[in-house]
Chemist: 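Got a structure here, written out as structure tokens. Questions coming.
In what follows, chains carry the letters A, B, and so on, assigned in the order in which the sequence lines appear, proteins first and then strands, with residues in each chain numbered from 1.
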Protein chains: 2
Amino acid sequence: MGMNAEADTAALRRGAAEPQGAAPVAGRNLLFLREEELRLAQDLLFFGYRDFTAVADQLLVELNMGRAHHRVLHFVGRRPGITVGDLLAILSITKQSLGRVLQPLVEDGYVVQTPGASDRRQRLLALTDKGAALERRLFERQRETIMRAYREAGPTAVEGFRRVMRGLMGNEARDLLKLLEDEPQDGGRRR
Amino acid sequence: MGMNAEADTAALRRGAAEPQGAAPVAGRNLLFLREEELRLAQDLLFFGYRDFTAVADQLLVELNMGRAHHRVLHFVGRRPGITVGDLLAILSITKQSLGRVLQPLVEDGYVVQTPGASDRRQRLLALTDKGAALERRLFERQRETIMRAYREAGPTAVEGFRRVMRGLMGNEARDLLKLLEDEPQDGGRRR
DNA sequence: CTTATGGGTCAGCATCGTTGACACAAATGC
DNA sequence: GCATTTGTGTCAACGATGCTGACCCATAAG
């Protein structure tokens, strides 16, 4: 299964009016770049993301929390010891917006802040047991959704999904993603 | 680098893979269903969707509109002649929330409402030329993003991406998606 | 010692989602 | 033919989550 259709036909790129209707699927050159296919991608992203987030939202409502809380729990869980600054970069929100969500999470004992060892201005974030437990409950919901989608689609499709999703990101997001994927327990974030 | 105990325990807790009891895909391992892989999926969806929507947001800000406006323009453009009720189902929001966005779009001449032929209570929605032009400008932005991702990933990956995204949706969303993919039911422009 | 940086916080505002209640015209049922 | 249901609009109030501007503190760096 060859991937990589690097050859870019300028005609297709510029959305030259492709024939609709009886488009042969056999050839599968760069047909997947037709306008209709790209519009479909918009739809897929909308519905997919909408339903993916919806499953966790149900639980959040019961806890009087919002999606913003979930995002914090998720990324702090992903990267225990993360700095506030890095978290802000990941979420792409302002300090004030984060504060409004983070503060209650700390007060309610879901997240702990500890001064950085090398830089005591930092407040390194981590989940408490309580926070980890909640994050896990939220994860279990989405896990079901993702697992079903992955299992039905199969490994090859999953690999393709990953490639496309990475491609949708900007360079900055790709770097942030690497941060999350790294194994080191306490990545030496230099400043 | 001070060691972070919480990081270690969290990492350990996450380590174990657990192949679930479903029938294995013929001859293939299910490693892509490990917890770490599923967490990665969460990250990918977050960053991917975030950056995908961000490109259009820039333009929207200049026009004093929000993402909600874009969604309406998109789906009305996808389905000219769509009823208010169907649009509500697609967006999964309330009549009131839609009204706040739709009303200005109509007043500013981006969308037109025409009484239904068979049911005159309905207000069938369609884009005006002005609306179609705006929707196209927004689309062009996202088109670049999707096109790049698709081209870099290749046809096989794109097919996989589609399969996974469909799998993430609930049944209801899948039905709605079919509605959008159906042959255009006339009612307006098509480039 | 001075300045830059990581982080917090107050005040106010915008967007976009919610519920509840009510209005009205047209379709539909009996 | 009248009662009910349905499709849509709308008012009022509230909640979650973004934003900007301004200012503070503690610590790091030069």
Chemist: Output yes when at least one side-chain N/O atom of Thr94(B) is less than 4.0 Å from OP1 or OP2 of dG17(C), else no.
Modeler: no
Chemist: Whole angstroms only, please: what is the CG-P distance between Leu88(B) and dT6(D)?
Modeler: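 Rounded to whole Å, this separation is 16 Å.
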Chemist: Identify whether Leu38(B) and Phe161(A) are in the same connected component of the hydrophobic contact network (ILVMFWY, side-chain heavy atoms under 4.5 Å).
Modeler: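 As far as the 4.5 Å side-chain criterion goes, Phe161(A) and Leu38(B) are connected within one cluster.
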Chemist: Have a look at Gly85(B) and say if it touches a base, only the backbone sugar-phosphate, or nothing, with a 4.0 Å heavy-atom cut-off.
Modeler: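 Contact class for Gly85(B): sugar-phosphate only.
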Chemist: Salt bridge or not for Glu181(A) and Arg78(A), using N-O below 4.0 Å?
Modeler: no
Chemist: Without swapping roles, check the side chain of Thr128(A) against the backbone of Gly109(A) for a donor-acceptor pair under 3.5 Å.
Modeler: yes
Chemist: Nearest whole angstrom, please: distance from the P of dG9(D) to the CD of Glu107(B).
Modeler: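 The answer, rounded to whole Å, is 12 Å.
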Chemist: If the condition is side chain to side chain donor-acceptor pair (under 3.5 Å), which residues does Glu140(A) pass it with, not counting sequence neighbours?
Modeler: Arg136(A)
Chemist: Contact between Leu124(B) and Val84(B) at the side-chain level, heavy atoms closer than 4.5 Å - yes or no?
Modeler: no
Chemist: Check the distance between dA28(D)'s P and Arg123(A)'s CZ and give it to me in whole angstrom.
Modeler: 13 Å
Chemist: Using a strict 4.0 Å threshold on nitrogen-to-oxygen distance, state whether Glu35(B) and Arg143(A) make a salt bridge.
Modeler: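 Yes, charged N to carboxylate O under 4.0 Å.
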Chemist: Is the shortest heavy-atom distance from the side chain of Leu177(A) to the side chain of Arg166(A) under 4.5 Å?
Modeler: yes
Chemist: I'd like to know if Arg34(A) pairs up with Glu37(A) as an ion pair, taking the criterion as any Lys NZ or Arg NE/NH1/NH2 lying under 4.0 Å from an Asp or Glu carboxylate oxygen.
Modeler: yes
Chemist: What pairs with Phe139(B) under ring pair (Phe, Tyr, Trp, His ring centres under 6.0 Å), at least two apart in sequence or on another chain?
Modeler: none
Chemist: Specify the separation, in whole Å, of atom CG of Leu102(B) and atom P of dT8(D).
Modeler: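 For the pair Leu102(B) CG and dT8(D) P, the rounded distance is 11 Å.
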Chemist: What bend angle does the helix from dC1(C)-dG30(D) to dC30(C)-dG1(D) show across its length, from five-pair end axes and to the nearest 10 degrees?
Modeler: 30°
Chemist: Ignoring backbone atoms, test whether His69(B) places a side-chain nitrogen or oxygen under 4.0 Å from the OP1 or OP2 oxygen of dC16(C).
Modeler: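 Looking at the OP1 and OP2 atoms of dC16(C), one of them is under 4.0 Å from a side-chain N or O of His69(B).
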Chemist: Under 3.5 Å, which N/O atoms of the protein pair with N/O atoms of nucleotides 22-30 of chain C?
Modeler:
unit_1: dA27(C); atom_1: OP1; unit_2: Arg120(B); atom_2: N; d: 3.1

Chemist: Within the pair Arg71(B) and dG17(C), is there a side-chain N or O less than 4.0 Å away from OP1 or OP2?
Modeler: yes
Chemist: Taking atom C1' of dG6(C) as reference, at what distance in whole Å does atom CD of Gln113(A) sit?
Modeler: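 Answer to the nearest Å: 12 Å.
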Chemist: Show every side-chain hydrogen bond (donor to acceptor under 3.5 Å, both in side chains) that has at least one partner inside residues 49-65 of chain A, sequence neighbours left out.
Modeler: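 Qualifying pairs, neighbours excluded: Arg50(A)-Ser92(B), Thr53(A)-Arg67(A), Asp57(A)-Arg67(A), Gln58(A)-Arg141(A).
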Chemist: Look at Gln103(A) and dT9(C) and indicate whether a side-chain polar atom (N or O) is within less than 4.0 Å of OP1 or OP2.
Modeler: yes
Chemist: Would you kindly compare Thr83(B) and Arg100(B) by the position of their nearest DNA chain D nucleotide and give the one closer to the 5′ end?
Modeler: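 Between the two, 5'-proximity favours Thr83(B).
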Chemist: Run through Gln142(A), Arg71(A), His70(A) and flag the one making a side chain to side chain donor-acceptor pair (under 3.5 Å) with Gln42(B).
Modeler: Gln142(A)
Chemist: Please report, rounded to the nearest Å, how far the C1' atom of dT15(C) is from the CD atom of Gln96(B).
Modeler: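 After rounding, the reported distance stands at 16 Å.
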Chemist: Rounded to whole angstroms, how far apart are CG on Leu91(B) and P on dG17(C)?
Modeler: 8 Å
Chemist: Taking only side-chain nitrogens and oxygens of Ser97(B), does any of them come within less than 4.0 Å of OP1 or OP2 of dC16(C)?
Modeler: no
Chemist: Over how many whole Å does the gap from Leu98(A) atom CG to dG7(C) atom P extend?
Modeler: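 From Leu98(A) CG to dG7(C) P: 10 Å.
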Chemist: Among residues 59-68 of chain B, which residues get a heavy atom nearer than 4.0 Å to DNA chain C?
Modeler: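 Hits under 4.0 Å, by residue number: Gly66(B), Arg67(B), Ala68(B).
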Chemist: Spell out, as yes or no, whether a donor-acceptor pair under 3.5 Å connects the side chain of Asp119(B) to the backbone of Arg121(B).
Modeler: yes
Chemist: Ignoring backbone atoms, establish whether Gln122(A) has a side-chain N or O less than 4.0 Å from OP1 or OP2 of dT27(D).
Modeler: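 No, because none of the side-chain N or O atoms of Gln122(A) sits under 4.0 Å from OP1 or OP2 of dT27(D).
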